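Okay, so here's the structure we're looking at.
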There are 2 protein chains.
Amino acid sequence: MALKFSKQREAIRKTLEGRTDHPTADMIYAEMRKEFPRISLGTVYRNLILLSDLGEIQRLKVGDGVDHFDPNTDEHYHLICEKCGAVSDIMLHLDLDSLAQEQSDGIIHGHKAYFYGLCKKCAEKAD
Amino acid sequence: MALKFSKQREAIRKTLEGRTDHPTADMIYAEMRKEFPRISLGTVYRNLILLSDLGEIQRLKVGDGVDHFDPNTDEHYHLICEKCGAVSDIMLHLDLDSLAQEQSDGIIHGHKAYFYGLCKKCAEKAD
DNA sequence: ATGACTGCAAAAGATTTGCATGTAG
DNA sequence: CTACATGCAAATCTTTTGCAGTCAT
C-alpha cells in the first residue's frame, strides 16, 4: 500500500512538530478542527497510528486511560505527574539492559519506560 | 462509610493472595464465577478498586488496555513483555528520586515505574 | 483508473454507575 | 433498622472499523 499525500496528515505532523506537551488524540483533533472543520476523530487516530507505525512519532500509553503522542523519537523516558497528569520528558542515564540482565528477570530494552511522580511545576508548588 | 464484611471481597482477596501473574479484572471474574456463579463483573471491579484504595493491592495500568492487579504492595517495578504481554516483577536497585532530581526534570517517587522488553520466557526462546 | 484517504456513524472493549434488592452489624 | 454490598443492565469513554464517497498519482 503505497502512501499517498494527504493534507490532513501533513497538518497533524506539523501540529505535533517540536512539541513536548504530549497531547492526546482529542487535543490534536480539537486543534485540527480549526483548520479542517470537517476532519473526523477517526482520521486523526488513523494518521497518528500511521505516523507511529512509520516511526515518525511515538504513541504513549501512560496509564491515564488516554493515549498521548510524542514527536520526539529519540531515546528518552517519560514522567507522569500523579498530581496533574502531565507527561514530561526526562533524561536518565540508565543502562537498563544491563541492570535487568543482572537480575535475570528479563530483558529491558527499547528505552521505553514510564515513571510516576511529580512534574517540575507541581514539585515547585509543593503543597 | 464503615466497611462491612463480604464473602465476595474475601474471596477476591484470597484469589489474588501470593500471586505474581498480575491477573486482569476479567481473569479474576472468571475465577470468581467458579465459586460464585452469580457474581458480577461490576462487583469484581468495585472490590478490586476498594482493595487498591485501601492499599492492600496495586492496580497496574501497563498500557495494554486492560488493568492488572498485584497483591504485592512492596516496592518493586514491573516489566511488560512486548512479545507476550506478560507483566512480571523486576527488582532494580535504582535510586530514582536522586536520579530525577539530578536532572531537575521533576521528582520520581513511589517506586512506581513500568519498563518494556522481553520477559524471561520470551528472552530464552530468543526467536 | 485504482487504490489510498476521508467523514460519518456505528461497533467494540474496558470500566463505571444507577437502581432495586440483599445482608452484615 | 440502616448503610454498605451485590447483581444486573445501562451508560461512559476511548479507540477502532465499515462503508460510501473523494482525491492523489
Side-chain angles (χ1 to χ4, degrees), chain A residues 1-16 21-54 56-70 80 85-87 114, chain B residues 1-16 21-54 56-70 80 85-87 114:
Chain A
M1 57 119 185
L3 215 49
K4 278 183 182 169
F5 174 88
S6 116
K7 48 185 196 285
Q8 287 90 337
R9 180 158 56 240
E10 286 319 302
I12 289 172
R13 209 196 303 266
K14 201 170 164 193
T15 300
L16 224 32
D21 64 340
H22 311 86
T24 64
D26 216 64
M27 292 173 185
I28 296 165
Y29 172 58
E31 290 172 37
M32 280 305 103
R33 295 236 284 183
K34 294 173 192 164
E35 192 179 348
F36 302 90
R38 311 196 63 86
I39 199 173
S40 75
L41 188 53
T43 295
V44 172
Y45 269 106
R46 274 186 293 235
N47 279 307
L48 287 171
I49 292 168
L50 177 56
L51 290 173
S52 73
D53 283 348
L54 292 174
E56 297 189 25
I57 66 174
Q58 262 194 273
R59 180 185 199 171
L60 310 177
K61 305 235 173 205
V62 306
D64 63 354
V66 203
D67 292 357
H68 293 251
F69 297 88
D70 187 348
I80 293 92
V87 180
Y114 300 116
Chain B
M1 56 116 185
L3 214 48
K4 278 184 185 173
F5 174 88
S6 115
K7 48 185 196 284
Q8 287 90 337
R9 181 157 57 239
E10 285 319 302
I12 289 172
R13 209 196 303 263
K14 201 171 163 191
T15 300
L16 225 31
D21 63 340
H22 311 85
T24 64
D26 217 62
M27 292 172 185
I28 296 167
Y29 173 57
E31 291 173 36
M32 280 305 104
R33 293 236 285 182
K34 294 172 193 165
E35 192 178 349
F36 302 90
R38 310 196 64 86
I39 200 173
S40 75
L41 188 54
T43 295
V44 171
Y45 269 107
R46 273 187 294 235
N47 278 306
L48 287 171
I49 292 168
L50 178 55
L51 290 173
S52 76
D53 284 348
L54 292 173
E56 297 189 26
I57 67 173
Q58 262 194 273
R59 180 186 200 170
L60 311 176
K61 305 238 177 203
V62 306
D64 62 355
V66 203
D67 292 357
H68 293 251
F69 297 88
D70 187 347
I80 293 89
V87 180
Y114 299 116

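None of these values were measured; they are calculated from a predicted model. Reminder, nothing fancy here: chain letters follow the sequence lines and each chain counts from 1.
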Rounding to a whole Å, what distance do you find between A:Lys7:NZ and D:dT22:P? 13 Å
Phosphate OP1/OP2 of C:dT6: any A:Ser6 side-chain N/O under 4.0 Å: yes
By side-chain hydrogen bond (donor to acceptor under 3.5 Å, both in side chains), which residues pair with A:Arg33, not counting sequence neighbours? A:Tyr29
Nearest to the A:Lys4 side chain among C:dG3, C:dG7, C:dG25, which nucleotide is it? C:dG3
Distance from B:Thr43 atom OG1 to B:Leu50 atom CG, nearest 0.5 Å? 11.5 Å
Once rounded to the nearest 0.5 Å, what's the spacing between atom CD1 of A:Ile28 and atom CG of A:Leu16? 5.0 Å
Rounded to the Å, how far apart are A:Arg9 CZ and D:dT25 P? 10 Å
Looking for any heavy atom pair under 4.0 Å, which part of the strands does A:Asn47 touch: base, sugar-phosphate only, or nothing? sugar-phosphate
For B:Leu3, report the nucleic acid contact type (base, sugar-phosphate, nothing); a contact means any heavy atom under 4.0 Å. sugar-phosphate
Non-neighbouring partners of A:Glu35 that pass side-chain hydrogen bond (donor to acceptor under 3.5 Å, both in side chains), sequence neighbours left out: none
Do A:Arg46 and D:dG18 have a side chain to base donor-acceptor pair shorter than 3.5 Å? yes
Specify the residue among A:Gly42 and A:Leu50 whose closest nucleotide of DNA chain C lies further upstream toward the 5′ end. A:Leu50
Could you tell me which residues satisfy side chain to side chain contact (heavy atoms under 4.5 Å, CB included) with B:Asp67, sequence neighbours excluded, listed by chain and number? B:Arg59, B:Lys61, B:Phe69
Could you check how far CG of A:Leu41 sits from P of D:dC13, rounded to whole Å? 14 Å
Step-by-step side-chain contact (heavy atoms from CB on, under 4.5 Å) determination, B:Asp70 to B:Val87: CA-CA 10 Å; B:Asp70 187 347; B:Val87 180; over 6 Å; no
Spacing between B:Leu54 atom CG and D:dA5 atom C1', to the nearest angstrom: 14 Å
Is there a side-chain polar atom (N or O) of B:Gln8 under 4.0 Å from OP1 or OP2 of D:dG7? yes
Whole-Å distance, A:Asp64 CG to D:dC13 P, equals 15 Å
How long is the line joining CE of A:Met32 and P of C:dG7, in whole Å? 11 Å
According to the Watson-Crick and G-U wobble definition with distances under 3.5 Å, which dot-bracket string, read 5' to 3', encodes DNA chain D, using [ ] for crossing pairs and | for pairs with another strand? |||||||||||||||||||||||||
Compare side-chain N and O positions of A:Thr43 against OP1 and OP2 of C:dG7 and report whether any pair is under 4.0 Å apart. yes
Look at A:Arg38 and C:dT6 and indicate whether a side-chain polar atom (N or O) is within less than 4.0 Å of OP1 or OP2. no
Roughly how many Å is it from CD1 in B:Ile49 to C1' in C:dT16, rounded to a whole number? 7 Å
Taking only residues at least two apart or on different chains, which pairs with a member in residues 2-16 of chain B satisfy salt bridge (Lys or Arg N to Asp or Glu O under 4.0 Å)? B:Glu10-B:Arg13, B:Arg13-B:Glu56
Whole angstrom is fine here: how far is it from CZ in A:Phe36 over to C1' in C:dT6? 12 Å
Counterpart residues, side chain to side chain contact (heavy atoms under 4.5 Å, CB included), relative to B:Thr24 (two or more places apart): B:Asp26, B:Met27, B:Val66, B:His68
What does B:Asp67 touch in the nucleic acid at a heavy-atom separation under 4.0 angstrom: a base, only the sugar-phosphate, or nothing? sugar-phosphate
